[in-house]
Q: 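Just passing along the structure, written as structure tokens.
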Amino acid sequence: MPSFLFSGAIIAGGRSSRMGRDKAFIPVDGQPLVSRQAALLRSLGTDDLIISGRPGTDYGVTGVRVVHDPIPDAGPLAGLVAVLSAARHPWVIVVAVDLPRLDAAFLNRLLTLGGGHTGVVPHGPHGYEPLAALYPRALLPEAEAALQRGEYALHTLVENARALSLIHLLPLGEEDSFALKNWNSPGDVAGAFPM
């Protein structure tokens, strides 16, 4: 377990338009994705769990706080602002709801590298992976400013955070691509990669 306190957050407020149904409730290994991600974050040792979700949705996960995007339809940046605002601890490990093969070993790499001193965003062959990352709450003013400016791209926020020395990168190899494969369409769920 890390020696520093951190919150855990699930980004689940997207419209899931390509999927055609809310990805949070797609079953994986006998449980909805959102429940799987909550259990994964709890296994890391956090005592503060947050879901950035859609208004009026009951995610069916006990012991979590559900927060909503401060600006609707502004993408994952709005969800990140919501969870950083709500977090009780100075560090927040953030995961997208649609990463069904993310595991504790990968997230522990982020926590170990961060060590209570820096945020950590994975970076590899496909660029930044900002929705499986460790963020400092100190990034909140920068994230809020980007949201107000309409600069919704998370990679831009990551670049700005690196310039401010708030985030370091975790270099990724090809072996990490499986853990970071997300579900966007019914074809992904139907077996585009093994369960």
Side-chain angles (χ1 to χ4, degrees), residues 1-13 34 36-52 63-65 67 75-147 151-182:
M1 296 289 179
S3 60
F4 58 94
L5 294 174
F6 63 95
S7 300
I10 303 166
I11 304 295
V34 68
R36 180 200 180 278
Q37 301 302 65
L40 175 62
L41 290 169
R42 284 192 173 116
S43 77
L44 303 174
T46 185
D47 64 353
D48 181 36
L49 194 56
I50 308 160
I51 296 174
S52 167
V64 303
R65 292 178 291 135
V67 297
L77 175 62
L80 180 61
V81 167
V83 299
L84 290 178
S85 297
R88 295 182 178 139
H89 299 309
W91 304 97
V92 186
I93 196 154
V94 172
V95 300
V97 76
D98 64 349
L99 293 173
R101 290 296 159 239
L102 201 58
D103 60 22
F106 184 89
L107 296 179
N108 272 314
R109 286 164 62 192
L110 302 176
L111 293 167
T112 299
L113 182 57
H117 305 290
T118 183
V120 181
V121 173
H123 183 269
H126 305 291
Y128 296 116
E129 300 288 352
L131 292 179
L134 177 67
Y135 290 99
R137 282 201 74 227
L139 182 60
L140 180 59
E142 185 72 22
E144 288 176 326
L147 191 61
E151 296 176 359
Y152 299 154
L154 283 178
H155 70 268
T156 302
L157 178 67
V158 171
E159 289 287 355
N160 293 341
R162 289 184 67 204
L164 296 167
S165 298
L166 292 173
I167 282 177
H168 285 76
L169 300 183
L170 172 67
L172 298 177
E174 284 297 337
E175 69 277 7
D176 295 306
S177 60
F178 182 74
L180 295 168
K181 174 73 175 167
N182 65 330

Q: Answer whether the closest heavy-atom distance between the side chains of Val121 and Leu154 falls below 4.5 Å.
A: no
Q: Which distance, rounded to the nearest 0.5 Å, do you find between the CD of Glu151 and the OG1 of Thr156?
A: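 Interatomic distance, Glu151 CD to Thr156 OG1, rounded to 0.5 Å: 6.5 Å.
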Q: With sequence neighbours left out, what residues match Glu144 under side-chain contact (heavy atoms from CB on, under 4.5 Å)?
A: Val81, Ser85, Leu140
Q: Quick check: closest heavy atoms across Gly79 and Ser52, and the distance to 0.1 Å?
A: CA-OG, 3.2 Å
Q: For Ala153, does its backbone N or O pair with a side-chain atom of His155 as donor and acceptor, under 3.5 Å?
A: no
Q: State, to 0.1 Å, how close Leu110 and Pro122 come at their nearest heavy-atom pair, and which atoms those are.
A: CD2-CG, 3.8 Å
Q: Side chain to side chain contact (heavy atoms under 4.5 Å, CB included), that's the test. Do Val94 and Leu84 meet it? Break it down for me.
A: CA-CA 9 Å; Val94 172; Leu84 290 178; 5.7 Å; no
Q: What is the distance from atom CG of Leu131 to atom CG of Asp98, rounded to the nearest 0.5 Å?
A: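 These two atoms lie 8.0 Å from each other.
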Q: Would you check if Arg88 and Arg65 make a side-chain contact, meaning some heavy-atom pair closer than 4.5 Å?
A: yes
Q: Answer yes or no: is there a side-chain heavy-atom contact under 4.5 Å between Leu111 and Phe4?
A: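 Heavy-atom side-chain distance check passes, below 4.5 Å.
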Q: Please identify each residue that fulfils side-chain hydrogen bond (donor to acceptor under 3.5 Å, both in side chains) with Glu159, with sequence neighbours left out.
A: Tyr128
Q: If you round to the nearest 0.5 Å, how far is CG of Leu99 from CD of Glu129?
A: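 Result: 8.0 Å between the selected atoms.
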Q: Applying side chain to side chain donor-acceptor pair (under 3.5 Å), which residue pairs with at least one partner in residues 37-46 are found, sequence neighbours left out?
A: none
Q: Write down the atom of Leu49, the atom of Ala38, and the distance for their closest heavy-atom approach.
A: CD2-CB, 3.7 Å
Q: Look up atom CG in Leu172 and atom NE2 in His123, then write down how far apart they are to the nearest 0.5 Å.
A: 8.5 Å
Q: Return all side-chain donor-acceptor pairs below 3.5 angstrom for residues 102-109, not counting sequence neighbours, or 'none' if the list is empty.
A:
unit_1 : atom_1 : unit_2 : atom_2 : d
Asp103 : OD1    : Ala105 : N      : 3.4
Asp103 : OD1    : Phe106 : N      : 2.9
Asn108 : ND2    : Ala104 : O      : 3.2
Arg109 : NH1    : Asp176 : OD1    : 2.7

Q: Measure across Ala132 and Leu180 and return the closest heavy-atom pair with its distance rounded to 0.1 Å.
A: CB-CD2, 3.8 Å
Q: First locate atom CZ of Phe6, then atom CG of Leu134, and finally report the distance between them rounded to the nearest 0.5 Å.
A: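 It is 8.5 Å, given to the nearest 0.5 Å.
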Q: Going by side-chain hydrogen bond (donor to acceptor under 3.5 Å, both in side chains), name the residues that satisfy it together with Thr118, two or more places apart in sequence or in a different chain.
A: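 Result, side-chain hydrogen bond (donor to acceptor under 3.5 Å, both in side chains) vs Thr118: His168.
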Q: Between Val92 and Ala87, what is the shortest heavy-atom contact and its length?
A: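 Of all heavy-atom pairs spanning Val92 and Ala87, the closest is CG2-CB, 3.4 Å.
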Q: Between atom CD1 of Ile10 and atom CD1 of Ile93, what is the distance when rounded to the nearest 0.5 Å?
A: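 Here the rounded value is 11.5 Å.
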Q: Does any part of the side chain of Pro136, heavy atoms only, come nearer than 4.5 Å to the side chain of Trp91, both counted from C-beta?
A: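 Yes, at least one pair of side-chain atoms sits under 4.5 Å.
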Q: Considering only residues two or more places apart or on different chains, which pairs with a residue in residues 111-125 satisfy salt bridge (Lys or Arg N to Asp or Glu O under 4.0 Å)?
A: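 Every candidate salt bridge (Lys or Arg N to Asp or Glu O under 4.0 Å) pair involving residues 111-125 fails, so no pair, neighbours aside, qualifies.
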